[in-house]
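Have a look at the structure below before the remarks.
Heads up: numbering here begins at 1 and tracks the sequence.
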Amino acid sequence: MLRLDLVHPLVQGNKWFKLKRNLEAAGPLPVVTFGGPWSNHLHAAAAACKLMGKPVTGIVRGEAPAPPSRTLTEAAALGMEIVHVPRAVYDAIKKGDLSAAGAEFATDSRAAGGPADKPFSLRTLLETAYIIPEGGGNAEGAAGCEEILDLGDFRPFTHILCATGTGTTLAGLINGAAKRGIGAEIWGISALKGAYSVESEVRALLTEDRGNWGILHDFHEGGFAKISHALITGMNDFFDQTGIPTDRVYTGKLVLAFREMSAEGRFPPGSHVLLIHTGGLQGNASLPQGSLHF
């Protein structure tokens with residue numbers, strides 16, 4: 001297992017690789033990005049922007065939770081301005097329809113421990129900021145993820161597995177493998193239910209399609225951020241056996257998939273399989289206390 005969760009205590013896992021080139025491209029502009037109330041991406045973006053001295057605003061999907069999630073509280077403490085927008089507005093802005101941001105919105109000062117919200121023009125901000133898509137899902141994010149394969153010599157591996165949301169990390173691994181002479185099969189384990197469109201999104205980010213890759217859709221455990229008894233039990237068993245913590249949204253499902261695939265004989269004898277730990281451990285705080293052994 002490649003432990004990207006150890007890259008940085010706050011900008012964990014694949015998040016730094018997806019953010020790095022985006023933040024370089026932002027130059028002096030303020031940064032705006034997107035996510036849900038427990039978003040690993042928002043948390044990491046807040047930390048990365050603090051490290052680089054960049055102002056950042058997080059557009060959060062849906063009404064403000066009461067109280068704010070731990071993720072948003074920590075992101076605000078790191079300097080991120082938090083703005084909640086209705087789901088319809090959120091989806092429209094993600095698609096580039098800035099007219100949906102025409103109304104006046106307000107920052108959620110509760111997340112930062114403030115006494116009152118501050119109204120402002122979201123559309124003006126979006127028109128003057130560098131926008132990083134949800135999850136860092138763009139060409140800059142994929143290019144940064146190529147650098148994951150510079151962390152060692154991965155040519156001996158026959159299979160590389162990573163959890164998949166937007167598909168950006170998977171695209172970066174495919175591009176990076178082609179450039180570095182890595183011939184392994186590369187498989188994304190989808191954390192979403194029925195997200196078959198991700199294949200086309202991955203292809204759109206490929207600089208060359210080497211083939212020998214795919215996305216598996218059978219290990220979502222009910223859908224994005226959904227949990228099951230098998231998932232929690234698997235996360236605890238894996239930690240008890242290895243001392244490696246996983247997260248409930250991505251890497252827990254990755255390990256579950258690897259074990260089921262191994263039991264089904266989907267790796268030929270002599271295979272060398274690399275699992276990529278993409279971090280995101282802060283999201284485990286959304287689970288009931290005592291659910292995990294770590």
Neighbour count >12 (heavy atoms, 6.0 Å) for atom [atom1], [X]:
{"X": "Lys50", "atom1": "NZ", "value": "no"}
{"X": "Arg70", "atom1": "CZ", "value": "no"}
{"X": "Arg180", "atom1": "CZ", "value": "yes"}

Assign the ring pair [X] / [Y] to parallel, tilted or perpendicular, where the plane angle (0 to 90°) is split at 30° and 60°.
{"X": "Phe258", "Y": "Phe267", "answer": "tilted"}
{"X": "Phe34", "Y": "Tyr90", "answer": "perpendicular"}
{"X": "Phe239", "Y": "Phe294", "answer": "tilted"}

Do the side chains of [X] and [Y] get close enough for a salt bridge, i.e. N-O under 4.0 angstrom?
{"X": "Arg203", "Y": "Glu199", "answer": "no"}
{"X": "Glu140", "Y": "Lys20", "answer": "no"}
{"X": "Glu147", "Y": "Arg21", "answer": "yes"}
{"X": "Asp97", "Y": "Lys95", "answer": "no"}

Indicate whether any N or O donor in one side chain lies under 3.5 Å from an N or O acceptor in the other, for [X] and [Y].
{"X": "Glu221", "Y": "Ser228", "answer": "yes"}
{"X": "Glu74", "Y": "His43", "answer": "yes"}
{"X": "Thr71", "Y": "Ser69", "answer": "no"}

Testing the basics here: between [X] and [Y], what is the closest heavy-atom pair and its distance to 0.1 Å?
{"X": "Asn40", "Y": "Gly280", "result": "OD1-O, 3.2 Å"}
{"X": "Asn14", "Y": "Cys145", "result": "O-SG, 4.5 Å"}
{"X": "His159", "Y": "Ala184", "result": "N-CB, 3.8 Å"}
{"X": "Cys162", "Y": "Ile276", "result": "CB-CB, 4.2 Å"}

### Query
With the 4.5 Å side-chain cut-off for hydrophobic clustering, are Val7 and Leu149 part of the same group?
yes
### Task
Kindly work out whether a path of hydrophobic side-chain contacts (I/L/V/M/F/W/Y, heavy atoms less than 4.5 Å apart) joins Leu78 to Leu281.
no
#### Entry: Verdict with supporting geometry, Ile132 and Val31, side chain to side chain contact (heavy atoms under 4.5 Å, CB included)
CA-CA 7 Å; Ile132 301 177; Val31 172; 3.7 Å; yes
### Task
Using the side chain to side chain contact (heavy atoms under 4.5 Å, CB included) rule, take Arg266 and Ser262 through it: C-alpha gap first, then chi angles, then the decisive distance, then the call.
CA-CA 6 Å; Arg266 296 176 72 168; Ser262 298; over 6 Å; no
### Task
Please report the C-alpha distance between Asp91 and Arg61 in whole Å, then the side-chain angles of each, then the deciding distance to 0.1 Å, and finally whether the salt bridge (charged side-chain N to carboxylate O under 4.0 Å, His left out) criterion is met.
CA-CA 8 Å; Asp91 291 340; Arg61 179 182 62 250; over 6 Å; no
### Side-chain heavy atoms of Arg123 within contact of Phe105, under 4.5 Å
no
### Task
Test Leu29 against Thr128 for side chain to side chain contact (heavy atoms under 4.5 Å, CB included), laying out the working first.
CA-CA 7 Å; Leu29 295 177; Thr128 56; over 6 Å; no
### Query
What do the steps show when you test Leu19 against His41 for side chain to side chain contact (heavy atoms under 4.5 Å, CB included), and what is the final call?
CA-CA 9 Å; Leu19 287 167; His41 169 71; 3.8 Å; yes
### Query
Between CG of Leu205 and CG of Asn175, what distance do you get to the nearest 0.5 Å?
8.0 Å
